[in-house]
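Single-structure report; data block below.
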Protein chains: 2
Amino acid sequence: MSQKPSPKEPLNILIVEDDPMMRLGLTHSLAPKPTVNVIGAAADGYEGVAMAQAHQPALVLMDVGMPRLDGIAATQQIKHTLPHIRVVMFTSHTEQTEVVAALSSGADGYCIKGTSIDTLMQAITIATTGGIYLDPHIAQQVMACLTPQPQDSIPEHNLSARELEVLKLIVEGYSNPEIGEQLFLSTNTVKTYVKGIMNKLVVNDRVQAAVLALRKGWVH
Amino acid sequence: MSQKPSPKEPLNILIVEDDPMMRLGLTHSLAPKPTVNVIGAAADGYEGVAMAQAHQPALVLMDVGMPRLDGIAATQQIKHTLPHIRVVMFTSHTEQTEVVAALSSGADGYCIKGTSIDTLMQAITIATTGGIYLDPHIAQQVMACLTPQPQDSIPEHNLSARELEVLKLIVEGYSNPEIGEQLFLSTNTVKTYVKGIMNKLVVNDRVQAAVLALRKGWVH
DNA sequence: GGCAGGATCACCCGGTGGGGGGATGTCCAG
DNA sequence: CTGGACATCCCCCCACCGGGTGATCCTGCC
């Protein structure tokens with residue numbers, strides 16, 4: 001287990017958020033909490049990185065959309081120079097690319113603006129202990145990103161085992177006679193399979209069949 | 001936001017764990033908690049799925065390594081038939097493949113055995129609100145899995161712009177005459193390009209050229 | 001000014017690919 | 001048991017692909 005710091009001593013937090021209103025709201029929301037201690041607030045990524053280096057907070061609450069240096073780049077820099085600092089993203093962006101980029105940059109949590117203070121506190125607590133919190137709204141997206149393989153539960157193959165075998169060899173670059181050798185078939189038979197494959201895949205030649213097979217992930 | 005059920009009413013929880021000792025420990029650890037209510041405990045995946053269907057708990061605490069039906073398969077079944085039930089993995093497995101498989105199966109959290117009751121409760125709470133909790137020990141692995149893309153930035157092409165254009169059309173499935181039409185070239189010229197492409201890629205036919213282009217990500 | 005290399009064309013020709021057939025065998029349902 | 005669906009095999013024919021060889025422009029580089 002990670003070293004769990006005594007919950008008695010408050011957690012030093014740095015807020016990085018360009019919207020003054022939101023910055024104020026955040027600061028005042030966290031101020032009354034006994035477990036945390038807001039040590040400062042930066043208005044953009046540059047300030048955020050500088051203040052993080054200067055004050056070494058335990059955790060940074062990081063907005064994503066900011067002028068000059070965005071939250072993702074700032075997180076990367078902080079994580080690069082001060083890996084022990086935990087970073088929780090706090091943003092309204094829910095697009096998968098944004099989310100993945102944020103997490104890839106080293107963020108330890110991802111909260112959506114509009115969440116309750118309690119939830120935010122929970123994310124902070126978890127990030128502090130080394131875990132990761134993902135907001136319900138983006139959880140599915142991350143999961144989807146984690147599971148690229150179970151694309152279609154219905155392969156919609158129609159291809160027989162033999163045809164799949166032939167298709168695999170087509171992708172490998174073998175000619176019909178070569179495929180025949182490997183499968184102990186006559187070239188004519190192989191051609192029949194190829195015809196069947198092209199019919200079922202609704203393509204005109206083996207190139208398109210190979211491309212389809214690769215794109216659909218039937219073969220590698 | 002998700003519908004946050006009033007925190008007053010306790011959360012019905014089903015425990016699925018094959019080790020009798022661990023099962024007992026879990027049950028007794030959660031019993032005194034006012035926010036949760038352990039409604040049962042299953043000893044393997046089959047029992048777990050059956051009890052989940054019978055009692056419809058709000059959340060399932062799921063072990064991974066179990067006889068007959070493992071936790072991942074059980075989670076898939078539960079999520080398939082009862083998607084509203086949240087599932088938190090509780091296991092000692094930390095291998096990346098296990099973790100990813102678990103999350104891919106639809107789990108809403110991942111705790112490592114040995115964690116504190118408080119952390120487990122936190123994971124349960126988060127999963128209930130729709131979020132995802134990842135244990136500190138596996139967080140890095142998931143992050144690593146999320147960022148597989150930064151492969152090599154050296155295309156090592158050698159292909160001229162025109163050749164790339166032709167290669168792209170080959171992948172699209174066009175024949176040489178068709179490519180000629182699209183690029184306003186004679187078939188002979190197209191053939192010259194195709195020859196050049198095959199020479200530079202060291203392949204024998206257009207199929208292998210297309211496969212290479214797809215695998216290397218030169219075209220999509 | 002030469003020279004390399006890309007882009008554009010042309011011809012020949014052997015082998016292959018893909019479209020048309022037709023032929024078995026098995027297996028399952030009516 | 002009979003018929004159809006399917007996988008498996010075989011043959012012919014010709015358009016097209018791919019190898020070989022060569023030509024003409026143009027651009028950039030030494």
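Letters go in sequence order (proteins before strands), and every chain restarts at 1.
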Query raised in the report: So does B/Arg23 pair up with B/Asp18, basic N to acidic O under 4.0 Å?
Result: no
**Report entry** Residue-phosphate contact under 4.0 Å: A/Ser160 side-chain N/O, D/dT8 OP1/OP2
**Finding:** yes
Query raised in the report: What is the distance from CD1 of B/Ile197 to P of D/dG18, rounded to the nearest Å?
Result: 10 Å
Query raised in the report: What parts of residues 202-210 of chain B reach DNA chain C, counting only heavy atoms under 4.0 Å away?
Result: none
Report task. Could you walk me through whether A/Leu134 and B/Tyr133 pass the side chain to side chain contact (heavy atoms under 4.5 Å, CB included) test, one step at a time? Result -> CA-CA 7 Å; A/Leu134 301 181; B/Tyr133 171 81; over 6 Å; no
Query raised in the report: Can you tell me how far the NE2 atom of B/His93 sits from the CG atom of B/Asp70, to the nearest 0.5 Å?
Result: 9.5 Å
Query raised in the report: Distance from B/Leu30 atom CG to B/Lys33 atom NZ, nearest 0.5 Å?
Result: 8.0 Å
Requested in this report: Begin with the C-alpha distance, continue with both residues' side-chain angles, and end with the deciding distance and a verdict on side chain to side chain contact (heavy atoms under 4.5 Å, CB included) for B/Leu120 and B/Phe90.
Outcome: CA-CA 9 Å; B/Leu120 182 58; B/Phe90 184 68; 3.9 Å; yes
Query - Lys/Arg N to Asp/Glu carboxylate O, B/Asp108 vs B/Lys79, below 4.0 Å - result: yes
Atom pairs under 3.5 Å: protein N/O with N/O of nucleotides 22-29 of chain D:
none

Query raised in the report: Counting just side-chain N and O atoms, does B/Arg162 come under 4.0 Å of either OP1 or OP2 of C/dG6?
Result: no
Report task. Find the distance B/Glu163:CD to C/dG6:P and express it as a whole number of Å. Result -> 7 Å
Query raised in the report: Across the strands shown, which category fits B/Thr189 at heavy-atom distances under 4.0 angstrom: base, sugar-phosphate, nothing?
Result: base
Query raised in the report: Counting just side-chain N and O atoms, does A/Tyr193 come under 4.0 Å of either OP1 or OP2 of D/dA7?
Result: no
Query raised in the report: Judged by modelled atom types alone, do B/Ser186 and B/Thr189 share a side-chain donor-acceptor pair under 3.5 Å?
Result: yes
Report task. Rounded to the nearest angstrom, tell me the gap between atom CG in A/Leu167 and atom P in D/dA7. Result -> 15 Å
Query raised in the report: OP1, OP2 of C/dG17 versus side-chain N and O of A/Asn176: anything below 4.0 Å?
Result: yes
Report task. Please determine if A/Glu17 and A/Lys113 form a salt bridge, counting it only when a charged side-chain N lies under 4.0 Å from a carboxylate O. Result -> yes
Query raised in the report: Hey, is A/Glu165 close enough to A/Lys168 for a salt bridge, meaning N to O under 4.0 Å?
Result: no
**Report entry** Donor-acceptor pair, side chain of B/Thr115 and main chain of B/Cys111, under 3.5 angstrom
**Finding:** no
Query - Whole angstrom value for the distance that separates C1' of C/dC9 from CG of B/Leu183 - result: 15 Å
Requested in this report: Select one nucleotide: of D/dC9, C/dC9, C/dT16, the one nearest the side-chain heavy atoms of B/Leu185.
Outcome: C/dC9
Name the pairs: protein N/O against N/O of nucleotides 11-13 of chain C, kept only if under 3.5 Å.
none

Report task. May I have the distance from B/Met198 (atom CE) to D/dG19 (atom C1'), rounded to whole angstrom? Result -> 8 Å
Query raised in the report: In whole Å, what is the span from the CD1 atom of A/Ile179 to the P atom of C/dG15?
Result: 19 Å
Query raised in the report: Would one find more than 12 heavy atoms of other residues, nucleotides or ligands at under 6.0 Å from atom NE2 of A/His84?
Result: yes
Query raised in the report: Would you say the side-chain atoms of A/His80 pair up with the backbone N or O of A/Gln76, donor to acceptor, closer than 3.5 Å?
Result: no
